[in-house]
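Written out below as structure tokens is the structure these notes cover.
Nothing fancy with the numbering, it's 1 onward along the sequence.
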Amino acid sequence: MELTHLDEQGAARMVDVGEKQMTRRTAQAQAVITMQPETLQKIVAGDMPKGDVFACARVAGIMAAKRAHELIPMCHPLPIDSVKVDLTPVGADQVRIVSTLRCTYKTGIEMEALTAASVAALTIYDMCKAVDRGMRIDQVYLLRKDGGKSGAYIRPEQGKEG
């Protein structure tokens with residue numbers, strides 16, 4: 001497999017997408033944050049000292065998606081059409097964050113989706129760390145994507161969910 005972010009000498013480079021066709025692209029990513037059950041109860045009840053955790057995390061995820069190209073060196077700035085960040089309590093001690101992004105452009109929107117889910121999870125951590133420093137963020141990965149030359153991808157264990 002050719003590594004497109006390296007030139008002939010092995011130096012890092014930004015891929016030239018100038019000749020690529022514009023296509024409709026979608027990407028969906030997730031992150032899961034695990035915490036003490038009491039912490040999740042406080043979030044859901046709206047009892048966290050810093051305010052509405054889910055609202056703040058949702059906005060942070062949207063903002064992060066728009067700035068992914070500023071954080072990831074070889075990431076192109078994209079004209080993002082939509083960003084959706086869903087936060088769902090799972091069981092007694094987890095929140096699953098799923099970001100869904102769309103654009104029409106020459107390169108994929110996977111990094112923006114991953115950035116949105118990750119920063120939303122980090123925001124939950126930030127807003128709740130005073131009551132639960134042991135929170136853990138994991139299961140950060142691409143769930144699905146479509147559009148572009150490489151076509152569709154659906155994470156194998158994802159199946160029809162998500």
Open item on the list: Main chain of Ile62, side chain of Lys84: is a donor-acceptor contact present, judged purely on distance under 3.5 Å?
Closed with: no

Open item on the list: Using every non-hydrogen atom in the two residues, find where Asp93 and Leu40 come nearest and quote the distance to one decimal.
Closed with: N-CD2, 3.9 Å

TODO: Report yes or no: does Lys20 contribute a side-chain atom to a donor-acceptor pair with the main-chain N or O of Lys106 at less than 3.5 Å?
DONE: yes

TODO: Could you walk me through whether Leu78 and His69 pass side chain to side chain contact (heavy atoms under 4.5 Å, CB included), step by step?
DONE: CA-CA 8 Å; Leu78 302 182; His69 69 280; over 6 Å; no

Open item on the list: So that I can tick it off, tell me whether Lys129 and Asp126 are bridged by a salt bridge, with the cut-off set at under 4.0 angstrom between side-chain N and carboxylate O.
Closed with: yes

Task: Under-4.0 Å salt bridge between Arg144 and Asp146 - done: no

Task: Stepwise side chain to side chain contact (heavy atoms under 4.5 Å, CB included) test for Cys128 and Met35 - done: CA-CA 9 Å; Cys128 301; Met35 61 195 66; 5.7 Å; no

Open item on the list: Between Gln30 (side chain only) and Gln139 (backbone N and O only), is there a donor and an acceptor less than 3.5 Å apart?
Closed with: yes

TODO: Output yes when a side-chain donor or acceptor of Asp132 lies under 3.5 Å from a complementary backbone atom of Gln36, and no otherwise.
DONE: yes

TODO: Kindly say whether Gly147 contributes a backbone atom to a donor-acceptor pair with the side chain of Thr23 at under 3.5 angstrom?
DONE: no

Open item on the list: Quick test of your reading of the model: are Asp81 and Arg24 salt-bridged, counting only N-O distances below 4.0 Å?
Closed with: yes

Task: Gln28 side chain reached by Leu142 side chain, heavy atoms, under 4.5 Å - done: no

TODO: Could you tell me which non-hydrogen atom of Ser99 sits nearest to which non-hydrogen atom of Ala113, and how far apart they are?
DONE: OG-O, 2.6 Å

Task: Donor-acceptor contact below 3.5 Å, side chain Tyr125 vs main chain Arg133 - done: yes

